[in-house]
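Inspection log for the structure reproduced underneath, given as structure tokens.
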Amino acid sequence: MKKIFTSIFRPAVLLSLGLALTFGCQQINPLEGVELTVNNNIYKSPILIQFVDANPNSKTLPKDLTVTISGPGKDLVFTDLGGKDFKVSGNLLSVVLGQNANPTESAPVEFTVSVKGPNYVSTNYSIVVTDLESATYEVPLTNLNALPDGVGAISKTTLLATGETITVPATSSKPEVAKISIAPGTQLKDENGLVINATNVSSTIVQYGTGTEEAANSLPNEGEGNTIKYKDGTTDFGTFLSAGFVDIEMTAGGKNVKSFSTPLDVTLSLNPSYEDPETEAPMNVGDQIPVWSYDKAKDEWTEEGVATIAKDANGNLVANFKVSHLSIWTISRNYKGKTCGTKTIRIKVNSDVRYGTSKFSAKITYSKNGKAKLSKSFNNFKISNGSSYNIKVKRVPSGYTGRIVVTPVGTSPNTTSKGGSKSFKACNNAVVIVDVKVKETAPDIPTPTTTTDTESDAVKVNLDFTAACISKNISIKPTVWLKLVDDTNTEQLVSVVEGKAIIGMKKGVKYTLTATYNGIDFSGEVTINGDKATIVSSTGLNGSFPIDATTGEVNATVIYPLNNCQ
């Protein structure tokens, strides 16, 4: 999972934005004439949402995405400009809560982000805000051109007169098979229930298995059901542990298909290692498992019936059920209520990494009776001695034990001494202290006094960040997210609080600083050479990075000039 942090400007005085792009090219001091400095604490709980490719090996990031915000707390969610026109900049969306929001554990603010984009499967992701602290979330999207492990897809055009059985075959990472049968002569209907006049139908079917983290975590909201409608007419919320699911989309005659005159027959085979999450026993012929459909537009699950486990001609366990309308369909156990729900894991780090210039990954695994059940990876995980980081983890059933393992990215197999790990109780808002070491030691070699090569040339940078509002003679000390990327594509994830932060940079290395505001990216490049450096920018960032001759530290100023403020 690639974490990218970016700036969220939330100044009270900024109701409209005009960026002075020319400042990066002219020898002008953006703070000249500025008389008043203010902090911008009008908005609360800054949230950064990163849409990532569910395939960790993909070389591309999602783009051209559109989002909508729904759910009970939607009226309290705003853009970083204070508006409601939510825009994704590249793969990033920053939002804040309004002045009237006061989220707590007992009274959280909940909202759902719905996202779609070209060549990506649309999905929903719910966010539960329980405090005023900054938070980041990653939403994995299935790329139809680069499917993650455990996922299969197929696109077919079928003549309605003859019908067809469409098969999503097994792969090396997905032993499960999906079969969807369209009966001859089936009539197609649109969302209004009207028959579509067409002779053929185009289908895109995506099947998610249960044998990989990427597939299991692709269930909408990572398996949390905010609204679940049961067959007995009751409504609740809960947590799904899926035995597999399919996302079926069809078009005919230029229209989206919603339902059928004759239901589709669907067969999903089970992963041989799948166990009933309630009994922890393998599934057997004759067992029953509930069938659910998911309405993406309403963020709503509906119980459709049960599937009885049988064996196919090859001896594989399969679940058969009928599909009367299109949506996501899953066979899944469901825990009523949110069990542990969403939990905050606060990680405090003791490390020989000084300023966070190295690249680390973290993996949180939840186990029961010694068996790993759920896992979540964070592939760009910041490490810095004495720092603490919050991770929001969803879909945590009670009675489980959590464990976090942190390792340097690219660690070779024989360097097992690097990194660190720690266990914790899954249902607690845990504070986990992890000792993360990157220095190599051996029994006959004294402990080295320097860190690894990635840290040995790092210098401490005391960052002072300012948004200069030229038209009003006001400068703003923002609470923001900031992203630094070096020339090896290693990222630093920086939280700037009221204009202040401490970061690590290496001499002679070119960094790109990126800020995003109101769905627009602005950036500049800087390299520290000799005793100073200056941001080279044509997109609105200015600044200098002089080195203190006594301490060796860099006292950097970064200025974001705003041309028109109200």
Side-chain angles (χ1 to χ4, degrees), residues 4-19 39-51 62-104 107-118 120 122-139 141 220-221 226-227 295-300 342 392 467 469 472 476 478-481 514-522 540 560 562-566:
I4 301 177
F5 284 63
T6 188
S7 295
I8 306 173
F9 287 84
R10 305 175 308 282
V13 296
L14 296 182
L15 300 179
S16 65
L17 172 67
L19 285 168
N39 291 325
N40 59 311
N41 297 320
I42 183 172
Y43 295 118
K44 302 176 179 179
S45 303
I47 296 167
L48 180 68
I49 304 166
Q50 181 188 8
F51 302 102
K63 62 179 181 178
D64 300 325
L65 303 174
T66 57
V67 299
T68 57
I69 304 294
S70 60
K74 66 178 182 179
D75 292 337
L76 294 173
V77 182
F78 297 89
T79 68
D80 45 20
L81 186 60
K84 287 289 188 178
D85 184 14
F86 299 100
K87 298 177 182 178
V88 181
S89 175
N91 68 319
L92 302 169
L93 174 68
S94 58
V95 298
V96 294
L97 299 187
Q99 300 177 67
N100 296 328
N102 293 292
T104 64
V109 174
E110 303 182 40
F111 62 95
T112 297
V113 180
S114 301
V115 56
K116 61 182 179 180
Y120 283 90
S122 61
T123 192
N124 291 344
Y125 189 90
S126 292
I127 291 175
V128 181
V129 185
T130 59
D131 53 48
L132 298 180
E133 296 187 16
S134 301
T136 62
Y137 297 86
E138 283 196 353
V139 181
L141 302 181
N221 301 335
N226 295 313
T227 302
D295 189 320
K296 295 180 182 179
K298 296 180 180 179
D299 187 23
E300 184 176 272
T342 298
K392 300 285 186 179
C469 181
K472 295 294 182 180
I476 300 145
T479 295
V480 302
W481 293 110
T514 302
T516 298
Y517 185 55
N518 197 32
I520 302 172
D521 281 342
F522 302 92
Y560 192 110
L562 302 170
N563 187 46
N564 181 28
C565 308
Q566 296 182 3

When Thr112 is tested against each of Thr227, Asp299, Asn124 for side chain to side chain donor-acceptor pair (under 3.5 Å), which residue passes? Asp299
Whether [X] side chain and [Y] backbone form a donor-acceptor pair below 3.5 Å:
X      : Y      : result
Thr104 : Ala107 : yes
Asn91  : Pro62  : no
Lys116 : Leu65  : no
Lys44  : Leu97  : no

Could you walk me through whether Thr123 and Tyr125 satisfy the side-chain contact (heavy atoms from CB on, under 4.5 Å) test, starting with their C-alpha distance in whole Å, then the side-chain angles of each, then the deciding distance to 0.1 Å, before giving a yes or no? CA-CA 7 Å; Thr123 192; Tyr125 189 90; 5.8 Å; no
Measuring only between side-chain heavy atoms, which start at C-beta, is Leu76 closer than 4.5 Å to Phe111?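 Not touching, per the 4.5 Å side-chain cut-off.
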Any heavy-atom pair between the side chains of Ile69 and Phe86 that's under 4.5 Å?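 Yes, close enough: below the 4.5 Å cut-off.
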Rounded to the nearest 0.5 Å, how far apart are [atom1] of [X] and [atom2] of [Y]?
X      : Y      : atom1 : atom2 : answer
Ile127 : Ile49  : CD1   : CD1   : 3.5 Å
Asn226 : Lys298 : CG    : NZ    : 15.5 Å
Ser114 : Lys296 : OG    : NZ    : 10.0 Å

In terms of heavy-atom contacts, Ala101 and Leu132 come closest through O-CD2, 4.5 Å
For the residue pair Val129 and Pro103, what are the closest heavy atoms and their distance? O-CB, 3.2 Å
Would Phe78 and Val95 satisfy side-chain contact (heavy atoms from CB on, under 4.5 Å), going step by step from the backbone distance to the final call? CA-CA 6 Å; Phe78 297 89; Val95 298; over 6 Å; no
Test side-chain contact (heavy atoms from CB on, under 4.5 Å) on Phe51 and Val67; report intermediate values, then the result. CA-CA 11 Å; Phe51 302 102; Val67 299; 3.8 Å; yes
Using a distance-only test with no angle check, is there a side-chain donor-acceptor pair under 3.5 angstrom linking Lys84 and Thr79?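 Distance-only check fails for Lys84 and Thr79.
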